[in-house]
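Naming: A, B, ... by sequence-line order, numbering from 1 per chain.
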Amino acid sequence: MDTATFIRVLNILEKEFPKWNAPVVSLMAKREHRTPFQILISTIISLRTKDQVTAEASERLFKLADNPYDMLKLTEEQIAKAIYPAGFYRNKAKTIKKISEIIVKKNSGEVPDSLEELLKLPGVGRKTANLVLALSFDKPAVCVDIHVHRITNRLGFVKTKTPEETEKELMKKVPVEYWNRINDLLVAFGQTICKPLSPLCSKCPVEAYCEKVGVVRHR
DNA sequence: AAAACGGGGGC
DNA sequence: GCCCCAGTTTT
């Protein structure tokens with residue numbers, strides 16, 4: 001698949017997006033109500049966790065503390081209890097506490113707005129850093145999670161082993177003005193149609209363009 | 001490169 | 001009961 005076709009796919013998916021009723025609660029539907037700190041913390045909570053669970057856990061935590069100063073006053077146990085159903089709660093609580101401390105003590109209460117600085121925070125990798133850049137600061141960023149990695153390979157647009165390779169390829173092949181649309185669209189698409197194991201190809205609006213790399217079963 | 005971190009939900 | 005989920009860090 002070439003770049004022009006990939007962009008055509010994005011355009012089609014964008015039109016179909018409202019029909020999917022994808023469970024994008026915490027990071028997309030409410031982004032305009034959230035501070036950069038809340039986006040960052042929600043993203044930490046979302047690691048390997050379903051979106052609905054992430055949303056509920058975030059709300060519980062933000063009722064206790066929605067800014068780094070208040071968050072720093074909570075104990076790790078309090079944070080862990082609030083986010084418990086999201087899983088990895090001890091690691092995440094520790095990470096959230098450390099991040100709050102760094103933001104308060106070394107960055108005058110502000111979330112960093114550059115990739116380099118975000119990556120220095122504990123528990124923040126490329127996916128989280130790029131998502132914060134895109135959602136909080138409206139900067140162009142290619143945010144590659146498991147959905148983006150799977151779908152771009154399945155379409156035949158990239159041939160990569162790791163999400164990091166996928167990120168590099170997408171930055172190379174896709175014009176910058178499309179970067180911030182990739183993640184939202186492909187995640188929603190992956191949650192509803194282009195599923196990991198048994199994608200619903202008969203309902204897929206872009207099946208005609210797809211090379212179905214690695215797809216063994218479909219419906 | 002592989003393990004560890006984890007409860008919840010789908011089937 | 002078994003497998004997967006908007007990943008990152010450590011071994």
Discussion item. Any side-chain to backbone donor/acceptor pair from Trp20(A) onto Ile193(A)? Under 3.5 Å, distance only.
Written reply: no
Between CG of Leu118(A) and P of dT8(C) the distance, given in whole Å, is 12 Å
Comparing nearest nucleotides in DNA chain B, the 5'-proximal residue of the pair Lys195(A), Lys50(A) is Lys50(A)
| Base, sugar-phosphate alone, or nothing: which one does Pro196(A) contact when heavy atoms must sit under 4.0 Å apart? | sugar-phosphate
With rounding to the closest Å, how many angstrom separate the C1' atoms on dT10(C) and dG7(B)?
22 Å
Taking the same atom, P, in dG8(B) and in dT8(C), what whole-Å distance lies between them?
23 Å
Listing, residues 200-208 of chain A side-chain donor-acceptor contacts under 3.5 Å, not counting sequence neighbours, or none:
| residue | atom | partner | partner atom | Å |
| --- | --- | --- | --- | --- |
| Ser202(A) | OG | Arg219(A) | O | 3.3 |
| Glu207(A) | OE2 | Lys212(A) | NZ | 2.7 |

Rounded to whole Å, the NZ-P distance (Lys92(A) to dG7(C)) equals 9 Å
Within the distance-only criterion (no hydrogens, no angle test), does the side chain of Lys97(A) pair as donor or acceptor with the backbone N or O of Leu74(A) below 3.5 angstrom?
yes
For nucleotides 9-11 of chain C, print each protein N/O atom paired with a nucleotide N/O atom at under 3.5 Å, atom names and distance only.
| residue | atom | partner | partner atom | Å |
| --- | --- | --- | --- | --- |
| dT9(C) | OP1 | Gly123(A) | N | 3.0 |

Across all chains, not counting sequence neighbours, the side chain to side chain donor-acceptor pair (under 3.5 Å) partners of Asn11(A) are Arg181(A)
Thr3(A) meets the side chain to side chain donor-acceptor pair (under 3.5 Å) criterion, sequence neighbours left out, with none
| task | May I ask you to decide if the ring planes of Phe157(A) and Phe6(A) are parallel, tilted or perpendicular, using 30° and 60° as cut-offs? | result | parallel
Would the distance check show the side chain of Thr166(A) and the main-chain N or O of Thr162(A) forming a donor-acceptor pair, the cut-off being under 3.5 Å? yes
task: Would you indicate what Thr128(A) reaches in the nucleic acid, counting non-hydrogen atoms under 4.0 angstrom: base, sugar-phosphate, or nothing?
output: sugar-phosphate
Here the helical stems involving DNA chain B, each at least 3 consecutive Watson-Crick or G-U pairs closer than 3.5 Å, sorted by first residue number, are B:1-5 with C:7-11, B:7-11 with C:1-5
Practice prompt. Kindly say whether Ala141(A) contributes a backbone atom to a donor-acceptor pair with the side chain of Asn130(A) at under 3.5 angstrom?
Written response: no
Between Asn107(A) and Gly109(A) (side chain of the first, backbone of the second, donor and acceptor by atom type, cut-off under 3.5 Å), is there such a pair? no
- Gap in Å between the two C1' atoms, one belonging to dG6(B) and one to dC4(C), rounded: 12 Å
Does Asp51(A) reach the main-chain N or O of Thr54(A) with its side chain, forming a donor-acceptor pair under 3.5 Å? no
From CD of Gln38(A) across to P of dA6(C) the rounded distance in Å is 22 Å
- Query: Looking only at atom types and distance, does a side-chain atom of Glu59(A) sit under 3.5 Å from a main-chain N or O of Glu56(A), one as donor and one as acceptor?
  - Reply: no
Does the pair Leu61(A) and Ile41(A) meet the rule for a side-chain contact (heavy atoms from CB on, under 4.5 Å), with working shown? CA-CA 9 Å; Leu61(A) 180 59; Ile41(A) 300 303; 3.8 Å; yes
Bounded by its outermost nucleotides with an atom under 4.0 Å from a heavy atom of chain A, the footprint on DNA chain B reads dC5(B) to dG8(B)
Arg48(A) CZ to dC4(C) P, in whole Å, measures 9 Å
To the nearest angstrom, the CD1-C1' distance between Ile41(A) and dG7(C) comes to 15 Å
Here the distance between atom C1' of dC4(C) and atom CG of Asp145(A), to the nearest Å, is 14 Å
Original post:
Counting any heavy atom closer than 4.0 Å, what does Ile146(A) reach on the DNA or RNA strands: base, sugar-phosphate only, or nothing?
Top reply: sugar-phosphate
Worksheet item: Between dC3(C) and dA3(B), how far is it from one P atom to the other, in whole Å?
Response: 15 Å
Taken to the nearest whole Å, OH/Tyr89(A) to P/dT8(C) is 21 Å
Atom CD of Glu167(A) and atom P of dA6(C) are separated, to the nearest Å, by 19 Å
